[in-house]
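Here is the naming used below: chain letters follow the sequence lines, and residue numbers restart at 1 for every chain. These numbers come from the heavy atoms of this one structure, side chains and all, not from hydrogens, waters or symmetry mates.
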Amino acid sequence: MTKKDQKIRCPECGEVELIRDYERAELICTNCGLVIKEKMMDFGPEWRIFDKEQTKERVRVGAPATYTIHDKGLTTVIGWKDKDIYGRNLPPIRRAQIYRLRKLQRRLSVSDVIERNLVFALSELNRMASHLGLPKNVKESAAVIYRKAVELNLIKGRSIEEVTAAAIYAACRQCKIPITLDEISEVSRIEKKNLGRNYRFLAKKLHMLFPPANPIDYVPKFASELGLSSKVQNMAISIIKQASAKGITFGKGPKSIAAAAIYIAGMLMEERRTQKQIAEVARVTEVTIRNRYKELVEKLDLKTL
DNA sequence: AAGACGAAAGTGGTTGA
DNA sequence: TCAACAACTTTCGTCTT
């Protein structure tokens, strides 16, 4: 926590204690569970720092090796000035030498097509991840997934953007971050269906079959976008739990279930939101919410709640 | 007038032959 | 590879608040 964080108060209840959820990139109130800031950037240091000594030490180590830079950030850079370390001009022979070295290094560092594509892909990946406000660990796993895809020659016949976007989606699934294909397709130029196809292809080839997303994961996200209290969230979650215990949720879209549960919880807790509002944040149609909601009410006997 | 409801037709993806 | 199928969407008319 930096000083800046401590000055932020929860607008709902005035609570000062806030927690940062780096996994979800959210700033959350410890008292009422309100998500104050979403999609925040991760400005923190790479490692945890425990005392002043370490602050100095850790700052001095430089940037950590990262998969999001094509050579993992381990390049040597030859300066462009023809001066030595004392600032004197170099003799002509030395200058020619350095010139050749620079030229060589330029070619070596981004030599073949694969490397050049990797540079492009990773910059795309960084761009998209920033737009989506994804935390660093997700970016890293997306980069790792992309690298694996390159190794296995899965890029052929697919555009770099497609695979990059799919890698991000896969990374989010892996890190249990609720995200929709729509959200990714908004920040890339890839259509949703294309994205889904590529994701499945990647997942299959890389043997990363993730269990279908859990509706509960979507609840905090949707609820905070709708400005609903934590009471409604808890109610929605308990509805989902009951539903999945009865096997109603099986085979249904997780977003639909979460949306319907929030709708019901909102009505029960007198924090009603219209189907349209919920449909918008959940990115499903009102009709779907209605169908799920009808089903839930029927099978869970919610009149007793 | 806005929201909720539901019927009907259409879409894209999965599955099984 | 194709057809059947479930989930979901789109569209639109009707009822309710």
Side-chain angles (χ1 to χ4, degrees), chain A residues 145 149 154 156-159 161-174 178-219 221-223 225-229 232 235-236 239-303 305:
Chain A
I145 291 167
L154 304 178
K156 266 182 204 162
R158 263 163 276 271
S159 77
E161 282 120 317
E162 281 170 351
V163 182
T164 315
I168 288 186
Y169 184 68
C172 288
R173 291 290 289 273
Q174 200 170 34
I179 196 162
T180 58
L181 287 172
D182 288 287
E183 284 173 272
I184 294 179
S185 94
E186 269 167 29
V187 299
S188 61
R189 271 165 294 155
I190 317 297
E191 294 162 58
K192 187 182 160 192
K193 58 176 178 179
N194 210 336
L195 197 54
R197 200 171 54 219
N198 278 294
Y199 159 70
R200 278 192 302 280
F201 178 78
L202 265 191
K204 201 157 106 190
K205 293 287 177 179
L206 297 177
H207 307 290
M208 329 186 300
L209 289 172
F210 303 115
N214 189 342
I216 293 173
D217 288 333
Y218 289 102
V219 171
K221 180 176 162 162
F222 293 165
E225 275 177 52
L226 290 162
L228 290 163
S229 70
V232 179
M235 167 75 67
I239 290 171
I240 293 170
K241 278 183 183 158
Q242 288 176 54
S244 58
K246 290 199 174 187
I248 303 170
T249 58
F250 186 77
K252 307 290 196 308
K255 279 179 297 168
S256 324
I257 305 280
I262 286 176
Y263 180 64
I264 297 170
M267 288 195 305
L268 293 172
M269 308 302 283
E270 319 225 304
E271 287 186 46
R272 204 188 176 91
R273 294 292 180 277
T274 65
Q275 294 178 357
K276 197 177 168 188
Q277 287 172 309
I278 297 174
E280 210 166 294
V281 299
R283 291 160 208 267
V284 294
T285 60
E286 299 159 60
V287 182
T288 305
I289 294 179
R290 280 202 288 278
N291 291 337
R292 293 289 81 79
Y293 139 77
K294 240 180 11 182
E295 200 173 55
L296 287 178
V297 172
E298 267 171 33
K299 304 202 172 155
L300 287 184
D301 197 26
L302 285 166
K303 280 154 265 167
L305 282 167

Pair A:Arg283-A:Leu181, side chain to side chain contact (heavy atoms under 4.5 Å, CB included): steps then yes or no: CA-CA 10 Å; A:Arg283 291 160 208 267; A:Leu181 287 172; over 6 Å; no
Protein-nucleic acid N or O pairs under 3.5 Å, nucleotides 1-4 of chain C:
none

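- Distance CZ (A:Arg292) to P (C:dA7): 7 Å, rounded to an integer number of Å.
- Rounded to an integer number of Å, the gap from CD1 of A:Ile289 to C1' of C:dA7 is 15 Å.
- Here CD1 of A:Ile179 is found 4.5 Å from CD1 of A:Ile184. Values are rounded to the nearest 0.5 Å.
- Between atom SG of residue A:Cys172 and atom CG of residue A:Asp217 there is a gap of 12.0 Å, rounded to the nearest 0.5 Å.
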Going 5' to 3' through nucleotides 1-10 of chain B and flagging B where a protein heavy-atom sits under 4.0 Å of the base, S where only the sugar-phosphate is that close, and - otherwise, we get --SSBB----
Contacts under 3.5 Å, N or O only, protein and nucleotides 14-17 of chain C:
none

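- Searching all strands for a Watson-Crick or G-U wobble partner of B:dA7 with both distances below 3.5 Å returns C:dT11.
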Check the pair A:Gln242, A:Lys246 against side chain to side chain contact (heavy atoms under 4.5 Å, CB included), reporting the backbone distance first and the verdict last. CA-CA 6 Å; A:Gln242 288 176 54; A:Lys246 290 199 174 187; 6.0 Å; no
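- Counting heavy atoms from C-beta on, the side chains of A:Lys255 and A:Phe222 come closer than 4.5 Å.
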Pair A:Leu228-A:Met269, side chain to side chain contact (heavy atoms under 4.5 Å, CB included): steps then yes or no: CA-CA 10 Å; A:Leu228 290 163; A:Met269 308 302 283; over 6 Å; no
For A:Glu295 and A:Asn291: C-alpha separation, side-chain torsions, deciding distance, then whether side chain to side chain contact (heavy atoms under 4.5 Å, CB included) applies. CA-CA 6 Å; A:Glu295 200 173 55; A:Asn291 291 337; over 6 Å; no
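- Between the CG atom of A:Leu181 and the C1' atom of C:dC8 there is a distance of 14 Å, rounded to whole Å.
- Annotation: side chain of A:Ile145 is in contact with side chain of A:Gln174 (closest heavy-atom distance under 4.5 Å).
- A:Tyr293 contributes atom OH, which lies 7.0 Å from atom CD of A:Gln275 (distance to the nearest 0.5 angstrom).
- Judged purely by atom type and a 3.5 angstrom limit, A:Arg273 uses its side chain to pair as donor or acceptor with the backbone of A:Leu226.
- The backbone N or O of A:Val232 lies less than 3.5 Å from no partner atom in the side chain of A:Glu271, so there is not a single donor-acceptor pair.
- Distances shown here put a side-chain N or O of A:Ser256 below 4.0 Å from the OP1 or OP2 atom of C:dC8.
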